Asker: 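Structure provided below as structure tokens; questions to follow.
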Amino acid sequence: MDALSTRGQPASYGGHLRTYVTGLVLAVLLTLIPFGAAMDAGIGRDTALWAIVICAAAQMVVHLVFFLHLNRRPEQHWYRISIAFTVLVIAILVVGTLWIMGHLNHNMMAMPAVMN
Amino acid sequence: MSSNVVTVPARLDAGAVAANVRRSDVPVNPVFDGNTTLGFWVYLMTDCLLFAGLFAAYAVLGREAAGGPTGKELFELPYVLKETGCLLASSFTYGLATLAMQTDRRTGVLGWLTVTLILGLTFLGMEFGEFSHLVSIGAGPDHSAFLSSFFTLVGTHGTHVAFGSIWMLVVIAQVAKFGLNRTMRTRLLCLGLFWHFLDIVWIGVFSFVYLMGTL
């Protein structure tokens with residue numbers, strides 16, 4: 001029995017009411033915290049930025065675990081492999097874009113100074 | 001899981017003979033078609049890449065307002081919080097529909113799907129209201145690189161929700177007509193993957209577009 005013959009269980013099947021309620025409570029918290037951080041002028045910009053990034057990442061994991069029921073069961077092997085690969089490609093795409101375009105921006109802005 | 005697994009009657013075809021595998025060795029899930037759900041999951045992963053490209057474009061162009069209005073001036077966070085609430089609640093109610101499906105409660109499935117559809121349509125209506133407001137005050141997608149990338153990213157997500165809603169309407173009609181057979185359970189699971197996935201993309205949208213845009 002290789003992984004291909006055990007692919008019966010998709011993510012999103014096999015949950016319980018408890019899992020969905022836990023996921024909802026966590027998701028609501030992880031939504032209210034970044035909105036509060038962004039709307040409260042008293043919080044510093046950097047603190048708010050970090051709160052937004054961390055809560056977004058945490059809430060994505062909460063949705064995957066509690067709503068899509070992504071877990072360590074062997075029948076979900078290909079679900080995990082494919083999402084891990086996708087996360088890697090997204091990281092290369094987004095980080096690479098920001099890196100390259102940041103450098104281009106930097107070079108473009110340096111030009112007038114050189115010409116003067 | 002093992003109680004769910006039955007074997008199909010031995011049926012020899014050319015491929016199986018060539019691979020020296022008897023068909024009866026392969027367990028078939030009688031509850032739903034696991035091949036279809038895995039294939040749909042792989043499609044969703046490619047859809048992630050589409051959104052990653054749009055997020056990357058927005059990350060580069062989001063501050064290039066061309067002298068026009070910026071996100072800080074345009075975004076209304078309380079409004080976005082209500083949109084987020086609609087989508088999050090709809091993800092939860094779809095979960096309740098999935099639970100009803102697992103225990104073969106057809107009216108429960110139909111009821112929760114209808115609630116999910118209403119929440120999805122409310123979200124779409126709010127997003128349409130926001131877009132038409134922006135266009136009416138001259139902040140349409142043609143105004144700046146920031147607004148072009150904003151409308152493309154948020155609009156692509158909205159288009160997904162719109163197609164998900166049409167799909168949900170179809171599935172509601174099919175469940176009402178055919179009941180919860182294996183095919184319908186497979187379709188319900190695929191639509192569920194799609195719907196939960198759209199909510200995950202929205203987390204990225206409200207965090208990186210709206211919240212960061214107002215900082």
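This one's a predicted model, so the numbers in the text were calculated from it and none came from an experiment.
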Asker: Under 4.5 Å between any side-chain heavy atoms of A:Leu17 and B:Leu96, yes or no?
Answerer: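 Heavy-atom side-chain distance check passes, below 4.5 Å.
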Asker: With rounding to the nearest 0.5 Å, note down the distance linking NE2 in B:His196 to CZ in A:Phe66.
Answerer: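 One gets 13.5 Å once the value is rounded to the nearest 0.5 Å.
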Asker: Which of the residues A:Val21, A:Leu49, A:Leu64 is involved in the greatest number of heavy-atom pairs with chain B at under 4.5 angstrom?
Answerer: A:Leu49
Asker: Counting heavy-atom pairs closer than 4.5 Å to chain B, which one of A:Pro34, A:Ala37, A:Gly102 comes out on top?
Answerer: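 Counting heavy-atom pairs under 4.5 Å, the top option is A:Pro34.
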Asker: When only pairs under 4.5 Å are counted, which of B:Ala56, B:Gly95, B:Pro78, B:Gly192 shares the most heavy-atom pairs with chain A?
Answerer: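 If we count pairs closer than 4.5 Å to chain A, B:Gly95 comes out on top.
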Asker: Select one option (side chain, backbone, both, neither) describing which atoms of B:Val80 are under 4.5 Å from chain A's heavy atoms.
Answerer: both
Asker: For the atom pair CG (A:Leu30) and OG (B:Ser207), what is the distance rounded to the nearest 0.5 Å?
Answerer: 10.0 Å
Asker: For side-chain contact (heavy atoms from CB on, under 4.5 Å), just list the numbers for B:Thr98 and A:Tyr20, CA-CA rounded to whole Å, side-chain angles, deciding distance to a tenth of an Å, and then say yes or no.
Answerer: CA-CA 10 Å; B:Thr98 311; A:Tyr20 283 109; 3.9 Å; yes
Asker: With a sphere of 6.0 Å drawn around CD of B:Glu73, does it hold more than 12 non-hydrogen atoms of other residues, nucleotides or ligands?
Answerer: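 Atom CD in B:Glu73 is packed in, count exceeds 12.
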Asker: Against chain B, label A:Val28 side chain, backbone, both or neither, depending on which of its atoms sit under 4.5 Å from a heavy atom there.
Answerer: both
Asker: Measure the spacing between CZ of A:Phe35 and CG of B:Leu81 and express it to the nearest 0.5 Å.
Answerer: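 So the gap between those two atoms works out to 5.0 Å.
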Asker: Between B:Tyr210 and chain A, which part of the residue has a heavy atom less than 4.5 Å away: side chain, backbone, both or neither?
Answerer: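 B:Tyr210 has no heavy atom closer than 4.5 Å to chain A.
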Asker: Determine whether more than 12 heavy atoms belonging to other residues, nucleotides or ligands lie under 6.0 Å from atom OH of B:Tyr43.
Answerer: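 Atom OH in B:Tyr43 is packed in, count exceeds 12.
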Asker: Taking all heavy atoms of B:Ala52 and all of A:Val94, pick out the closest pair and write down the distance.
Answerer: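 Scanning both residues completely, I find the closest heavy atoms to be O-CG2, 3.9 Å.
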Asker: Among B:Thr46, B:Val42, B:Ile200, which residue has the highest count of heavy-atom pairs closer than 4.5 Å to chain A?
Answerer: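 With the most close heavy-atom pairs to chain A, the winner is B:Ile200.
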Asker: Residue by residue, which of residues 50-60 of chain A have a heavy atom closer than 4.5 Å to a heavy atom belonging to chain B?
Answerer: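 Residues of residues 50-60 of chain A touching chain B at under 4.5 Å: A:Ile52, A:Val53, A:Ala56, A:Gln59, A:Met60.
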Asker: Please classify the contact of B:Leu49 with chain A as side chain, backbone, both or neither, using a heavy-atom distance under 4.5 Å.
Answerer: both
Asker: Aromatic rings A:Phe67 and B:Phe92: how do their planes relate, parallel, tilted or perpendicular, breaks at 30° and 60°?
Answerer: tilted
Asker: Enter the distance from B:Trp41:CH2 to A:Leu70:CG here, rounded to the nearest 0.5 Å.
Answerer: 5.0 Å
Asker: Measure across B:Leu211 and A:Ala38 and return the closest heavy-atom pair with its distance rounded to 0.1 Å.
Answerer: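 Here B:Leu211 and A:Ala38 meet closest at CD2-CB, 3.7 Å.
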Asker: At a heavy-atom distance under 4.5 Å, which candidate from A:Ile83, A:Val89, A:Thr31 has the highest pair count against chain B?
Answerer: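 Top option by heavy-atom pairs under 4.5 Å: A:Ile83.
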Asker: State, with a plain yes or no, whether a side-chain heavy atom of B:Leu88 is found less than 4.5 Å away from one of A:His63.
Answerer: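 Answer yes - side chains close enough.
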